[in-house]
Amino acid sequence: MSYASRLRYRSSTAARLTLSRGSLAALLAGCAPADPAQSTGSTAAASTTTEASTGSPTGDATTTPTTSEASTQGSGDVTSAASTSEASTSAASTSEASTSEASTSESSTTGPVGCTKNVVLMGYWPPTNEMLRPWSTDPAQNPDGWIGADWGGYGYDVHSFFPEFPPDGDPTNDDIGDPGAVGSPDFDLRVDYQATSKDFWRLVDEYQPIILVTTSRGGDIGWEIEALEGGHGLDNPGGPAQDWLSDAHGAEQYPTKSTTEARSWDAISEYRQGNTLPSQLPLEVIAAATEPLGITSVVIDQQTSGNFLSGFLGLHGVYYNQIAPHNVAAGHIHVGYGLPVADASALIEATLHAVLQAHPADSVDCP
């Protein structure tokens, strides 16, 4: 069955990891699902949060971020002329040496030649894929042309990646697990554990983002800035794969060790059962930049993105921040399913301005 009729349903508990299509439909609509035999809210209450890295704008999920912010004249005789010539030669050599030293000194302060500082944005279901479209360099996804080069004059190139949902771009009229709901295999970040794991690490390895913002569609919400990720499976006696709800797609419907990238498995193995990672985005700064727009509700959610694909992608972002020394900011934003694309676009632009202003390009190192 289609999940359109259950779009507003929000599950509070999950007795089993394998859900019916109707329940999974609510998840795809963006609801933050509960862990098996626990509510999602209990994650934050029972969790122990790993401290943020010192380079982060936020010390922890609830701390207000701070912004960090480098001629000789000849006498006519042969002897004198020779001396003058030697002196001139010596002076010229000294001048050349000084020039060479100056050039060397100057070039050493400019940093590596060709250093590009990238921002990567990732999305899932609409409206997140639509709001990120202008920053895609793929002409098939963004025929109007890439706008990300030195975006806003901040010194960063901004790139976006997201799935497409054939045939009509609307996943709500397809069954969970069908291509129209999961996404086309021709594009990045299908709503599938294995595809997300593979694409995420390929993209961050290629672009080495200084700043990484992941997004996904939420339920009946507005602009929800997630403070925490991970920590699922408090009552799960099994392994990390069983902390997550089935994606109902493909031969393997859980993020297992053998079917996901090694770093994905490391992330979900370490940050589970109450052990969470805080967002490394400037949460309060983003809220201050987006709320005055008056478009929708803006909240900093002190729970997590849930134990479905939203939370899986969100955990990947903050885990990347943990293991990549050059990354100064990463985190996840849930976007309400009913938010018009124009509104979502205005909010992501305001968010991007806020984050880039908090991390001036000349204050961060090259990857």
Side-chain angles (χ1 to χ4, degrees), residues 3-4 7-8 10 26-32 119-138 141-148 151-152 158-165 168-173 181 183 187-191 196 211-227 279 281-283 285-301 305-306 308-311 313-314 317 329-357:
Y3 63 68
L7 199 57
R8 296 180 182 274
R10 188 180 185 92
L27 299 178
L28 190 55
C31 299
V119 175
V120 167
L121 311 174
M122 295 184 180
Y124 263 161
W125 308 283
T128 64
N129 63 339
E130 297 296 343
M131 74 183 187
L132 300 183
R133 201 170 292 281
W135 291 281
S136 171
T137 57
D138 185 342
Q141 294 187 285
N142 181 23
D144 292 336
W146 182 52
I147 67 168
W151 188 81
V158 181
H159 300 268
S160 65
F161 305 94
F162 46 84
E164 301 289 351
F165 301 95
D168 57 1
D170 182 6
T172 64
N173 54 17
F187 299 97
D188 296 313
L189 297 171
R190 284 184 295 165
V191 189
T196 292
I211 294 169
L212 173 61
V213 181
T214 60
T215 68
S216 65
R217 182 169 69 184
D220 192 12
I221 58 173
W223 198 251
E224 190 171 270
I225 312 159
E226 301 294 347
S279 173
L281 293 176
L283 307 179
V285 172
I286 294 172
T290 53
E291 189 170 19
L293 298 178
I295 291 173
T296 188
S297 63
V298 175
V299 299
I300 297 175
D301 180 24
S305 299
F308 193 48
L309 270 301
S310 290
L313 180 60
H332 192 78
I333 296 175
H334 250 134
V335 183
Y337 72 87
L339 202 62
V341 172
D343 291 347
S345 298
L347 288 161
I348 192 62
E349 285 194 18
T351 295
L352 197 52
H353 279 296
V355 176
L356 300 190
Q357 288 169 9

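Given the structure is predicted, the values throughout are model-derived calculations rather than measurements.
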Stepwise side chain to side chain contact (heavy atoms under 4.5 Å, CB included) test for Ile333 and Leu347:
CA-CA 11 Å; Ile333 296 175; Leu347 288 161; over 6 Å; no
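- From Ser305, atom OG reaches atom CD of Glu224 across 7.5 Å, with rounding to the nearest 0.5 Å.
- Side-chain contact between Asp188 and Phe162 is absent, with no heavy atoms from C-beta onward closer than 4.5 Å.
- Heavy atoms only, all atoms of each residue included: Ser136 and Ser160 are closest at N-OG, 3.0 Å.
- With a 4.5 Å cut-off on side-chain heavy atoms, Ser279 and His332 do not count as touching.
- To the nearest 0.5 Å, atom CG of residue Asp220 and atom OH of residue Tyr337 are 5.0 Å apart.
- In this structure, Ile286 CD1 and His353 NE2 are separated by 13.0 Å, a value rounded to the nearest 0.5 Å.
- Taking CD from Glu130 and CD1 from Ile348, the interatomic distance works out to 14.0 Å, rounded to the nearest 0.5 Å.
- By the 4.5 Å heavy-atom criterion applied to side chains, Val335 and Pro127 are counted as neighbours.
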For Leu132 and Met122, run side chain to side chain contact (heavy atoms under 4.5 Å, CB included): C-alpha distance rounded to whole Å, both residues' side-chain angles, the deciding distance at 0.1 Å, then the answer. CA-CA 8 Å; Leu132 300 183; Met122 295 184 180; 5.6 Å; no
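- Counting all heavy atoms, side chain and backbone alike, Leu293 lies closest to Ala346 at CD1-O, 4.0 Å.
- Residues Trp223 and Thr296 come closest through the heavy atom pair N-CG2, 3.8 Å.
- Relative orientation of the Trp151 and Trp135 rings is perpendicular, given thresholds of 30° and 60° on the angle between their planes.
- Between the side chain of Asn129 and the main chain of Gly123, no donor-acceptor pair closer than 3.5 Å is present.
- For the atom pair OG1 (Thr128) and NE2 (His334), the distance works out to 9.5 Å, reported to the nearest 0.5 Å.
- Nearest heavy-atom pair, Arg190 versus Thr196, reported as atom, atom and distance to 0.1 Å: O-OG1, 3.0 Å.
- Two residues are said to be in side-chain contact when any heavy atoms from C-beta on lie closer than 4.5 Å; Arg217 and Pro171 meet this criterion.
- Contact between Ala181 and Phe165 at its shortest, heavy atoms only, is O-CE2, 3.4 Å.
- Of all non-hydrogen atoms in Ala287 and Pro292, the two that sit nearest each other are O-CD, 4.0 Å.
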TODO: For the pair Met131 and Thr215, evaluate side chain to side chain contact (heavy atoms under 4.5 Å, CB included) and give the outcome as yes or no after the intermediate values.
DONE: CA-CA 10 Å; Met131 74 183 187; Thr215 68; 3.7 Å; yes
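- Under the 3.5 Å distance criterion, the side-chain polar atoms of Asn142 are left unmatched by any main-chain donor or acceptor of Thr137.
- Summarising the geometry, atom CZ belonging to Arg133 is positioned 9.5 Å from atom CG belonging to Asp138; distances are rounded to the nearest 0.5 Å.
- Counting heavy atoms from C-beta on, the side chains of Leu339 and Ile295 come closer than 4.5 Å.
- Between Ile211 and the choices Val158, Val120, Val119, the side chain to side chain contact (heavy atoms under 4.5 Å, CB included) rule is met once, by Val119.
- Asp301 contributes no side-chain N or O that, together with a main-chain N or O of Glu226, makes up a donor-acceptor pair within less than 3.5 Å.
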